[in-house]
Asker: 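A single structure is presented below for examination.
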Amino acid sequence: MREIGIDWFILLCYSFVMIKYSTMILQQNHYHMDRYIHWLKMNWFQKKTVVITLLLCLMYVTLILDKAYQKEVILLAMAVVAYLAYKLDREIHYRLPLKLTHRVKRLLLVRILLYLIFACIMCRLSETLWVYLTPWFFWLPFFELILSMLLISPLEEMIQRYYVEDAKEILKKRNDLTIIGITGSYGKTSVKTILYTLLSDEFDTLMTPKSFNNKMGITLTIRNSLKGLHQLFLCEMGADHVGEILSLMHFVKPQIGIVTAIGPQHLSTFHSMDNIVREKMYMIEELPAGGIGFLNADNSYIRSHPLACSCRMVWFGKDPISDYRIVNIQPNATGTNFTIQYKEHHYDFTTCLLGEHNVYNLCAAIAVTHELGVSFEVLKQRILLVPFIKHRLQIVSTQPYTLIDDAYNANPQGAHYACQVLKQMKERTIIVTPGMIELGAIEDQANKDFGKEMAECVDDVILVGIKQTKKIKEGLLEQGFEESHLFVCKDFTTALDTLKHIVKNGDVVLLENDLPDAFSH
């Protein structure tokens, strides 16, 4: 028993860093096993993994040439490897570190118990076999995690079902609560944040925080934050798999629904644009007969979808069919002026927000707020108060250079509007980007087109990730961009160091998209 305890402890230390890292990757993939396995295929089976393993094998075999104390020598070597891995891990700045949630703690407990079983098995192996298997245990956590998830999934489903049912009961008791559901491929968080600014003076309003837009994020908001005084609940609903919006609609049951825009975001997990459109449009089709649906009239995917609903429809956008029609957009260095036509009247607005897509977001929010009884005269004043949306063309600082944070706008349309903003700048411009992901079959072409477009509007380009930015680089060079102004960095930390060396006072720097560690390569 004592020998098992020693083996278990050393094995756990030996695998500690990889246990932590693999759990972080799973968390960044929102605990979806299909996405984790896809990451495993794309990232684990690489030359460096094989090289490191071969080096470990060589080291261990060299250490056991003398048969005396071979197991003790290998245990010592494992301890050294464990220490070096831990030290290296402490020096790495992860973009999105592992969060020790209750779910993660339960998963880690199962993983530790599994390692106890592995230690028992190892104690029964011959010393020679034990020695030759040892190097591979360094990578075991990436595969053991799959087994741990299978073992713990029934418990997790039971816990989630309990919390969701509790949240449903809370909503059932709130017949006086108006729920506004917001979905779309992009623009959800922006519209939600704008609506909160426009409505919170009129109504006691609760919104889902940050990007808490999946079932458990919404459940957490309802159980922890929804109070009896709240009159409005702004519920952002996200999805990257078929069935998720429909499930959320049956759960939350909003009376008002907004579809901001539809595009190829998460095409790799939805598998087709038809699936994306059908899923997003459940936001409107599942509304009650007395509800109101707000739709982007300029989005071709929304316009071409045959709606099957009985609720009232309100359209916004530039198209003449729009009930709230954008008729003029005038960008400037400090924001945007725009005009909305409602019936026969025109209303002028001024905002600090940048980009044409933000005018659409503002228009959607104005339409909803006006339908809830707030006058245009009041709306004019409140639009002035709408703050920058975090990580969405947000001007973070202006001295000694202007930094525009667009880290959460990882889609072709958002990237296009960001480039349009840079085109308006008279100053020298620099873009830092890892490109776009999860676009399925169109990803390479979308990134190449992004490269071509940025070639027309920036002076220097810093690409983050050697592999994933190849198509952006290709597009830049095809468009005649000077390679001396192009910098390709292996990670975000290196990119920031490069930026420090090339940026000058008065420059404009755009951070376009910021990928978690699981998606950066």
Side-chain angles (χ1 to χ4, degrees), residues 30-31 99 101-104 156-184 187-240 243-260 280 282-284 286-294 311 361 364-365 367-374 382 385-387 389-390 408:
H30 306 297
Y31 304 98
K99 294 179 182 176
T101 62
H102 292 302
R103 182 172 186 173
V104 167
E156 291 301 327
E157 288 173 10
M158 184 178 70
I159 292 170
Q160 288 185 21
R161 193 159 48 245
Y162 169 78
Y163 287 144
V164 170
E165 290 303 317
D166 185 51
K168 283 181 179 178
E169 288 300 314
I170 293 171
L171 290 179
K172 276 182 185 177
K173 296 173 183 176
R174 293 299 314 275
N175 294 325
D176 58 329
L177 183 69
T178 300
I179 303 173
I180 302 176
I182 308 159
T183 196
K188 301 181 292 294
T189 304
S190 295
V191 170
K192 175 188 69 179
T193 307
I194 296 165
L195 272 172
Y196 186 82
T197 302
L198 300 185
L199 289 166
S200 54
D201 281 351
E202 223 78 27
F203 307 94
D204 286 310
T205 306
L206 171 69
M207 68 174 179
T208 49
K210 300 178 182 177
S211 292
F212 279 35
N213 58 23
N214 61 12
K215 184 172 282 187
M216 293 316 296
I218 294 167
T219 297
L220 190 67
T221 305
I222 293 168
R223 296 182 74 245
N224 293 348
S225 303
L226 184 62
K227 307 299 180 186
L229 56 84
H230 286 127
Q231 299 167 289
L232 281 180
F233 177 33
L234 306 178
C235 186
E236 180 181 341
M237 299 185 187
D240 51 18
E244 290 180 338
I245 293 295
L246 183 60
S247 176
L248 290 176
M249 288 298 289
H250 291 166
F251 167 27
V252 180
K253 297 180 179 177
Q255 302 95 331
I256 296 171
I258 308 166
V259 181
T260 57
K280 300 297 183 183
Y282 281 134
M283 172 60 69
I284 306 301
E286 292 295 317
L287 289 174
I292 311 174
F294 293 82
C311 65
N361 296 334
V368 174
T369 309
H370 185 252
E371 291 294 325
L372 288 174
V374 180
R382 290 186 186 168
L385 302 176
V386 172
I389 315 299
K390 282 189 175 182
Y408 287 4

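Residues: numbered from 1 along the sequence shown. Everything numeric here is computed off the predicted structure, so don't read it as measured data.
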Asker: To the closest 0.5 Å, what do you measure between CD (E371) and CD1 (I256)?
Answerer: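 E371 CD to I256 CD1: 9.0 Å, rounded to 0.5 Å.
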Asker: Compare every heavy atom of A167 with every heavy atom of R223, then report the nearest pair and how far apart it is.
Answerer: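 Here R223 and A167 meet closest at CG-CB, 4.1 Å.
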Asker: Stepwise, does the side-chain contact (heavy atoms from CB on, under 4.5 Å) test hold for D176 with Q231?
Answerer: CA-CA 7 Å; D176 58 329; Q231 299 167 289; over 6 Å; no
Asker: Answer yes or no: is there a donor N or O on one side and an acceptor on the other, between the side chain of Q255 and the main chain of I179, under 3.5 Å?
Answerer: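 Yes; at least one donor-acceptor contact below 3.5 Å.
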Asker: Calculate, to the nearest 0.5 Å, the distance between atoms SG and CD1 belonging to C235 and I222 respectively.
Answerer: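 Those atoms lie 6.5 Å apart.
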Asker: Heavy-atom distance under 4.5 Å between the side chains of T101 and V104, does that happen here?
Answerer: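 Counting from C-beta outward, T101 and V104 do come under 4.5 Å.
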Asker: Under the side-chain contact (heavy atoms from CB on, under 4.5 Å) criterion, do E286 and H250 qualify, and how do the steps go?
Answerer: CA-CA 8 Å; E286 292 295 317; H250 291 166; 3.3 Å; yes
Asker: Say whether, by atom type as modelled, one donor and one acceptor occur between the side chain of E169 and the main chain of E165 under 3.5 angstrom.
Answerer: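 No, because the side chain of E169 does not come within donor-acceptor range (under 3.5 Å) of the backbone of E165.
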Asker: Answer whether the closest heavy-atom distance between the side chains of Y196 and L206 falls below 4.5 Å.
Answerer: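 No - every pair of side-chain heavy atoms lies 4.5 Å or more apart.
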Asker: Please check if the side chain of T205 supplies one atom and the backbone of L232 the other of a donor-acceptor pair under 3.5 Å.
Answerer: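 Checking the backbone N and O of L232 against the side chain of T205, no donor-acceptor pair under 3.5 Å is found.
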Asker: Set out, in order, the CA-CA distance, both residues' side-chain angles and the distance that settles side-chain contact (heavy atoms from CB on, under 4.5 Å) for I258 and I180, then state yes or no.
Answerer: CA-CA 8 Å; I258 308 166; I180 302 176; 3.9 Å; yes
Asker: How close do G181 and P254 get, heavy atom to heavy atom, and via which atoms?
Answerer: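 Closest approach of G181 to P254, heavy atoms only: N-CB, 3.6 Å.
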Asker: Starting at CE of M237, measure out to CG of N214 and round the result to the nearest 0.5 Å.
Answerer: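 Between atom CE of M237 and atom CG of N214 there are 12.0 Å.
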Asker: Going by the rule side chain to side chain contact (heavy atoms under 4.5 Å, CB included), which residues pair with K227 if we only count those two or more places apart in sequence or in a different chain?
Answerer: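 Applying side chain to side chain contact (heavy atoms under 4.5 Å, CB included) to K227 gives L229, H230.
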Asker: Exactly one of R103, E156, H30, Q160 should register a side chain to side chain contact (heavy atoms under 4.5 Å, CB included) with M216. Which one does?
Answerer: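 Testing each of R103, E156, H30, Q160 against M216, the sole residue satisfying side chain to side chain contact (heavy atoms under 4.5 Å, CB included) is Q160.
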Asker: Under the 3.5 angstrom rule, does the side chain of T369 hit a backbone N or O of A365 as a donor-acceptor pair?
Answerer: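 Yes; judged by distance alone, with no hydrogens or angles, the pair exists.
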Asker: Would you say Y162 has more than 12 foreign heavy atoms packed within less than 6.0 Å of its OH?
Answerer: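 Atom OH in Y162 is not crowded, with 12 or fewer foreign heavy atoms closer than 6.0 Å.
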Asker: So, taking the atom named CZ in F203 and the one named CG in L372, what distance separates them when rounded to the nearest 0.5 Å?
Answerer: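 It is 5.5 Å, given to the nearest 0.5 Å.
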Asker: Is there a side-chain contact between M283 and M249 in this structure, where contact means two heavy atoms from C-beta onward sitting under 4.5 Å apart?
Answerer: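 M283 vs M249: side chains touch.
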Asker: Going by side chain to side chain contact (heavy atoms under 4.5 Å, CB included), S190 matches just one of I389, V386, L195. Which one?
Answerer: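 Between S190 and the candidates, side chain to side chain contact (heavy atoms under 4.5 Å, CB included) is satisfied uniquely by I389.
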Asker: Check each of L171, T178, L177 against R174 using the side chain to side chain contact (heavy atoms under 4.5 Å, CB included) test, and report the only one that passes.
Answerer: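 Exactly one pass, corresponding to L177.
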Asker: What is the distance from atom OG1 of T193 to atom NZ of K390, rounded to the nearest 0.5 Å?
Answerer: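 T193 OG1 to K390 NZ: 10.0 Å, rounded to 0.5 Å.
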Asker: Can you tell me which residue pairs pass the salt bridge (Lys or Arg N to Asp or Glu O under 4.0 Å) test with a partner in residues 199-220, sequence neighbours excluded?
Answerer: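 Matches after skipping sequence neighbours: E202-R382.
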Asker: Run the side chain to side chain contact (heavy atoms under 4.5 Å, CB included) test against P209 and tell me which residues pass, sequence neighbours left out.
Answerer: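 Applying side chain to side chain contact (heavy atoms under 4.5 Å, CB included) to P209 gives F212, T221.
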Asker: Please report the interatomic distance SG(C311) to CD1(I292), rounded to the nearest 0.5 Å.
Answerer: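 The SG atom of C311 sits 8.5 Å away from the CD1 atom of I292.
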Asker: Backbone N or O of K188 within a donor-acceptor pair of the K192 side chain at under 3.5 Å?
Answerer: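 Here the side-chain-to-backbone pair does not exist.
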Asker: What are the two closest non-hydrogen atoms of F294 and I284, and how far apart are they?
Answerer: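 Nearest heavy atoms, F294 then I284: N-CD1, 4.1 Å.
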Asker: Step by step, would you call Y282 with L248 a side-chain contact (heavy atoms from CB on, under 4.5 Å)?
Answerer: CA-CA 10 Å; Y282 281 134; L248 290 176; over 6 Å; no
Asker: Within the supplied structure, the quantity of interest is the number of heavy atoms (other residues, nucleotides, ligands) at a distance under 6.0 Å from K168 NZ; does it exceed 12?
Answerer: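 Yes.
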